[in-house]
**Q** 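Encoded as structure tokens, here's the structure I'll be asking about.
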Number of protein chains: 2
Amino acid sequence: MRNCVSRDVLDLLASKWVCLVMGALPNGPMRFGVLRRRLDGITQKMLTRTLRDLERAGLVDRQVFPTTPPQVEYSLTPLGQDLVVLMEAFRVWAEKHGEEISEARERYDARAAEPVRALNAR
Amino acid sequence: MRNCVSRDVLDLLASKWVCLVMGALPNGPMRFGVLRRRLDGITQKMLTRTLRDLERAGLVDRQVFPTTPPQVEYSLTPLGQDLVVLMEAFRVWAEKHGEEISEARERYDARAAEPVRALNAR
DNA sequence: CGGAATCCCCAGCGATACTG
DNA sequence: CAGTATCGCTGGGGATTCCG
């Protein structure tokens, strides 16, 4: 179901790195290596793939300088910048309520463990 | 990297069904079965898991009526409603620019196919 | 330096069957 | 009706190696 358009964009965001990559390059063009180090923990393969997906979707611009060694710069397109604004709003929400969520999880887990303890007590 | 709080929430949204499930129940409590049919295409297992995750995170409330047959109603918590507002903003964005994105993809694919055709032409 | 290619693992999800 | 339990697969993604 939900063959609607928003599903496409949703699938994009569902990718593990898309948000992080986009969030890492809002200020001007950035070289591949620099981006890689900024996102410490990402594989070069996943960074390449993620950037390709974003470029294909028209959210990221890719500029190649045929020098030696080669140099490639990535930047957000206007559309990409527009989306980053939304994601930023989301990030703010997350930082505001993150604590609240993790507390809720701890409470939930504590409640779930309780019956088990009662069982072991016999 | 990015052990920051927003990553937790990000992982939640990255789940395939979270956004769809939350988007499907903004108006009052809703029974499991109804929700299931509304989300036509979701497995009962995934719906259960998704709802559990959301309940654990404090975004969804689960109320059980010990009748026969059993009846369980799900609803958004205030925190969940708050998040839905954000997701709604995102959905609007997606529907506004979805076309633009799929066009960009077609252009990209066309360009990518071109060199191949040039090769085959020889 | 930026990226393509290859190998491989395992979590996510679907399908199916069973239960209180 | 609203789940839990079990099996099986596929594909996302990591590690490594090679290339211009």
Side-chain angles (χ1 to χ4, degrees), chain A residues 1-2 7-8 10-21 24-25 29-57 60-75 108 111-113 115-116 119, chain B residues 1-2 7-8 10-21 24-25 29-57 60-75 108 111-113 115-116 119:
Chain A
M1 67 126 253
R2 284 282 183 177
R7 186 51 191 275
D8 272 9
L10 200 57
D11 284 343
L12 201 64
L13 281 264
S15 167
K16 186 179 175 184
W17 293 105
V18 165
C19 290
L20 295 171
V21 169
L25 51 74
M30 187 173 282
R31 294 193 56 176
F32 185 88
V34 181
L35 196 52
R36 183 153 148 64
R37 279 184 292 278
R38 255 195 109 173
L39 290 166
D40 177 45
I42 192 173
T43 317
Q44 152 275 349
K45 170 183 161 185
M46 285 320 293
L47 181 52
T48 303
R49 273 203 45 177
T50 304
L51 287 169
R52 280 294 179 288
D53 290 346
L54 291 173
E55 187 197 357
R56 195 171 94 99
V60 156
D61 191 41
R62 177 172 182 264
Q63 185 142 8
V64 184
F65 300 91
T67 60
T68 53
Q71 179 167 344
V72 182
E73 285 188 352
Y74 292 91
S75 56
Y108 183 94
R111 251 176 290 137
V116 178
L119 230 59
Chain B
M1 64 125 258
R2 282 284 183 175
R7 185 53 190 274
D8 272 9
L10 199 58
D11 283 344
L12 202 65
L13 280 264
S15 165
K16 186 180 176 183
W17 293 105
V18 165
C19 290
L20 295 170
V21 169
L25 51 74
M30 186 173 284
R31 294 192 57 176
F32 185 88
V34 182
L35 196 52
R36 182 152 149 63
R37 280 185 290 278
R38 255 194 107 175
L39 289 166
D40 176 43
I42 192 173
T43 316
Q44 143 275 2
K45 171 183 161 186
M46 284 321 293
L47 180 54
T48 302
R49 272 206 47 177
T50 305
L51 286 168
R52 280 295 179 289
D53 290 345
L54 291 173
E55 186 197 359
R56 196 171 94 98
V60 156
D61 190 41
R62 177 172 182 264
Q63 184 141 8
V64 185
F65 301 92
T67 60
T68 53
Q71 179 166 346
V72 182
E73 285 187 350
Y74 293 91
S75 56
Y108 184 93
R111 253 177 288 138
V116 178
L119 229 58

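Sequence lines set the chain letters: A, B, ... in the order given, protein chains first and strands last, and positions in each chain run from 1.
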**Q** CE of B:Met46 versus P of C:dA15: gap in Å, rounded?
**A**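 Taking CE of B:Met46 and P of C:dA15, I get 12 Å after rounding.
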**Q** A:Arg37: which residues meet the side-chain contact (heavy atoms from CB on, under 4.5 Å) condition with it, sequence neighbours left out?
**A**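 side-chain contact (heavy atoms from CB on, under 4.5 Å) check on A:Arg37 returns A:Val34.
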**Q** Can you name the salt bridge (Lys or Arg N to Asp or Glu O under 4.0 Å) partners of A:Asp61, sequence neighbours left out?
**A**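 Partners of A:Asp61 by the salt bridge (Lys or Arg N to Asp or Glu O under 4.0 Å) criterion come out as none, since no residue qualifies.
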**Q** With sequence neighbours left out, what residues match A:Glu55 under side-chain contact (heavy atoms from CB on, under 4.5 Å)?
**A**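 With sequence neighbours excluded, A:Glu55 shows a side-chain contact (heavy atoms from CB on, under 4.5 Å) to A:Arg52, A:Arg62, B:Tyr108, given in chain and number order.
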**Q** For A:Arg56, give me all partners under salt bridge (Lys or Arg N to Asp or Glu O under 4.0 Å), at least two apart in sequence or on another chain.
**A**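 Applying salt bridge (Lys or Arg N to Asp or Glu O under 4.0 Å) to A:Arg56 gives B:Asp109.
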**Q** Tell me, with the steps shown, if B:Tyr74 and B:Leu54 meet side chain to side chain contact (heavy atoms under 4.5 Å, CB included).
**A** CA-CA 10 Å; B:Tyr74 293 91; B:Leu54 291 173; over 6 Å; no
**Q** In chain order, what residues pass the side-chain contact (heavy atoms from CB on, under 4.5 Å) check against A:Pro70, with sequence neighbours excluded?
**A**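 A:Pro70 satisfies side-chain contact (heavy atoms from CB on, under 4.5 Å) with no residue once adjacent residues are dropped.
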**Q** Between A:Pro69 and A:Ser15, who's closer to the 5' end of DNA chain D by nearest nucleotide?
**A**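 So the residue in question is A:Ser15.
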**Q** Find the distance A:Lys16:NZ to C:dG12:P and express it as a whole number of Å.
**A**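 The answer, rounded to whole Å, is 11 Å.
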**Q** Based on the rotation axes of five pairs at each end, what angle does the helix from C:dC1-D:dG20 to C:dG20-D:dC1 bend through, to 10°?
**A**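 Inter-axis angle at the ends, rounded: 40°.
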**Q** Would you mind reading off the distance between B:Ile42 atom CD1 and C:dC13 atom C1', rounded to a whole angstrom?
**A**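 Roughly 11 Å, once rounded to whole Å.
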**Q** What string of B, S and - do you get for nucleotides 3-9 of chain C, 5' to 3', when a contact is any protein heavy atom under 4.0 Å?
**A** BB-B---
**Q** Calculate, to the nearest 0.5 Å, the distance between atoms CG and CH2 belonging to B:Leu47 and B:Trp17 respectively.
**A**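 Answer for the CG-CH2 pair, B:Leu47 versus B:Trp17, is 9.0 Å.
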**Q** Between which nucleotides of DNA chain D, read 5' to 3', does contact with chain B run, using atoms under 4.0 Å from its heavy atoms?
**A**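 Range of nucleotides within reach of chain B: D:dC1 to D:dT6.
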**Q** Taking all non-hydrogen atoms of both residues into account, name the closest pair between B:Met30 and B:Leu35 and its distance.
**A**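 So the two residues come closest at SD-CD1, 3.6 Å.
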**Q** With sequence neighbours excluded, tell me which residues meet salt bridge (Lys or Arg N to Asp or Glu O under 4.0 Å) with A:Asp8.
**A**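 Listed in chain order: B:Arg105.
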**Q** Could you pull out all residues at least two apart from B:Thr67 that satisfy side-chain contact (heavy atoms from CB on, under 4.5 Å)?
**A**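 For B:Thr67, the residues satisfying side-chain contact (heavy atoms from CB on, under 4.5 Å) (neighbours in sequence not counted) are B:Phe65, B:Gln71.
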**Q** Going by the rule side-chain hydrogen bond (donor to acceptor under 3.5 Å, both in side chains), which residues pair with A:Arg49 if we only count those two or more places apart in sequence or in a different chain?
**A**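 A:Arg49: no side-chain hydrogen bond (donor to acceptor under 3.5 Å, both in side chains) contacts found.
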**Q** Does C:dC1 have its OP1 or OP2 closer than 4.0 Å to a side-chain nitrogen or oxygen of A:Arg31?
**A**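 No, because none of the side-chain N or O atoms of A:Arg31 sits under 4.0 Å from OP1 or OP2 of C:dC1.
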